Amino acid sequence: AQSVTQLGSHVSVSEGALVLLRCNYSSSVPPYLFWYVQYPNQGLQLLLKYTSAATLVKGINGFEAEFKKSETSFHLTKPSAHMSDAAEYFCAVTAGGYNKLIFGAGTRLAVHP
Amino acid sequence: NAGVTQTPKFQVLKTGQSMTLQCAQDMNHNSMYWYRQDPGMGLRLIYYSASEGTTDKGEVPNGYNVSRLNKREFSLRLESAAPSQTSVYFCASKERGIYNEQFFGPGTRLTVL
């Protein structure tokens with residue numbers, strides 16, 4: 001069965017600092033992985049997705065993630081945090097014959113001046 | 001394109017009342033999904049419809065029913081609401097294909113007293 005673990009329910013960084021949000025997955029089949037962002041009182045928006053074409057994936061707003069099969073990880077990074085990055089971030093893995101997604105519990109990112 | 005739309009945005013029910021949450025998408029997607037979001041638990045799949053005419057249970061289907069009315073519309077019904085169903089409900093849609101991401105609606109915030 002597929003599952004996703006996001007380490008750290010809350011992460012706080014200073015503006016301009018590196019952002020690192022951790023995601024580890026478990027999958028019995030080759031996984032496809034997604035990062036979504038949720039701003040307050042909104043739905044989820046896709047940040048980036050891993051589809052096996054390349055292990056380093058670049059997304060919107062300067063975010064990127066690296067797929068590491070040996071570590072079963074897909075951590076999200078951004079070199080320099082902006083105040084506008086404050087949101088909740090969800091990692092997800094495909095399941096159920098690739099028809100469904102299994103979401104992690106989410107990481108709330110706070111950015112302070 | 002409006003994308004995925006949900007009605008209502010907010011709803012307060014008393015225990016035992018029934019209601020239907022509506023979802024529509026204008027992207028001609030084959031698959032549609034209903035999730036609930038609770039603090040610290042990420043998004044959990046209630047029901048999904050891989051294509052018009054089919055529906056399947058997700059992780060937490062108890063207390064809910066769904067109808068795929070046509071390709072555009074997928075409704076979620078609570079027959080007898082309970083306080084445990086207080087949550088934010090999201091509808092999503094996806095085009096067929098293992099690499100394709102899900103697109104989310106803005107959500108319905110439901111409170112059951």
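Letters A, B, ... are given to chains in the order of the sequence lines, protein chains preceding strands, and every chain is numbered from 1. Here the structure is a predicted model, which is why all the values come from computation and not from measurement.
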Answer with side chain, backbone, both or neither: which region of Arg96(B) has an atom nearer than 4.5 Å to a non-hydrogen atom of chain A?
neither

Is it the side chain or the backbone of Leu101(A) that comes within 4.5 Å of chain B heavy atoms, both, or neither?
both

Please list, in residue-number order, every residue in residues 19-34 of chain A that has a heavy atom less than 4.5 Å from any heavy atom of chain B; write 'none' if there are none.
Tyr32(A), Phe34(A)

Separation between OG1 (Thr5(B)) and CG (Asp26(B)), nearest 0.5 Å, reads 7.5 Å

Under 4.5 Å from a heavy atom of chain A, the part of Leu43(B) involved
both

Between Asp38(B) and Ser87(B), do the side chains contain an N or O donor and an N or O acceptor separated by less than 3.5 Å?
yes

Within one Ile-Leu-Val-Met-Phe-Trp-Tyr cluster: Phe90(A) and Leu47(A), side-chain cutoff 4.5 Å
no

Taking side chain as C-beta onward, heavy atoms only, is Lys49(A) less than 4.5 Å from Trp35(A)?
no

Considering heavy atoms only, which positions within residues 60-86 of chain A lie below 4.5 Å of chain B?
none

What's the spacing between Ser67(B) OG and Tyr47(B) OH if we round to 0.5 Å?
10.5 Å

Checking Ser31(B) side chain against Ala50(B) main chain: does a donor-acceptor pair fall under 3.5 Å?
yes

Where on Thr51(A) is there a heavy atom nearer than 4.5 Å to chain B: the side chain, the backbone, both, or neither?
both

Full working for side chain to side chain donor-acceptor pair (under 3.5 Å) between Asn30(B) and Glu52(B)
CA-CA 7 Å; Asn30(B) 285 291; Glu52(B) 188 178 356; over 6 Å; no

State, with a plain yes or no, whether a side-chain heavy atom of Leu109(A) is found less than 4.5 Å away from one of Glu88(A).
no

Roughly how far, to the nearest 0.5 Å, is CD of Gln6(B) from NZ of Lys9(B)?
8.5 Å

Would you kindly confirm whether Leu44(A) and Val60(B) end up in one hydrophobic cluster when ILVMFWY residues are joined by side chain heavy atoms under 4.5 Å apart?
no

Residues 13-24 of chain B vs chain A, non-hydrogen distance cutoff under 4.5 Å, contacting residues -> none

Please determine, among Arg109(B), Gln37(B), Lys94(B), Glu59(B), the option with the most heavy-atom pairs under 4.5 Å with chain A.
Gln37(B)

Please tell me whether Val4(A) and Tyr89(A) are part of a single hydrophobic cluster in this structure, the criterion being side-chain heavy atoms less than 4.5 Å apart.
yes

Residue-level interface, residues 70-85 of chain B with chain A, non-hydrogen cut-off under 4.5 Å
none

Given the rule in the side chain to side chain donor-acceptor pair (under 3.5 Å) test, do Gln11(B) and Tyr89(B) qualify, once you have shown the distances and angles that lead to the verdict?
CA-CA 11 Å; Gln11(B) 184 71 47; Tyr89(B) 291 85; over 6 Å; no

Under 6.0 Å between ring centres: does that hold for Tyr33(B) and Phe104(B)?
no

Just say parallel, tilted or perpendicular for the rings of Tyr36(A) and Phe103(A), cut-offs at 30° and 60°.
tilted

Would you say the side chain of Leu45(B) lies within less than 4.5 Å of the side chain of Arg36(B), judging by non-hydrogen atoms?
no

With side chain to side chain contact (heavy atoms under 4.5 Å, CB included) as the criterion, how do Met32(B) and Arg68(B) come out once you've worked through the C-alpha distance, each side chain's angles and the decisive distance to 0.1 Å?
CA-CA 9 Å; Met32(B) 297 186 73; Arg68(B) 184 75 183 265; 3.6 Å; yes

Got a second to check how far Ser9(A)'s OG is from Arg108(A)'s CZ, nearest 0.5 Å?
9.5 Å

I'd like to check Lys100(A) versus Tyr48(B) (side-chain heavy atoms, cut-off strictly below 4.5 Å). Are they in contact?
yes

Rounded to the nearest 0.5 angstrom, the CD1-OG1 distance for Ile102(A) and Thr94(A) is 9.5 Å

Taking a hydrophobic cluster as the set of Ile, Leu, Val, Met, Phe, Trp and Tyr residues connected by side-chain heavy atoms closer than 4.5 Å, whether directly or through intermediates, do Tyr50(A) and Leu46(A) fall within one such cluster?
no

Which one of Arg44(B), Met41(B), Gln102(B) has the most heavy-atom pairs closer than 4.5 Å to chain A?
Gln102(B)

Which answer fits Gln38(A), side chain, backbone, both or neither, if we ask what part of it has an atom under 4.5 Å from a heavy atom of chain B?
side chain

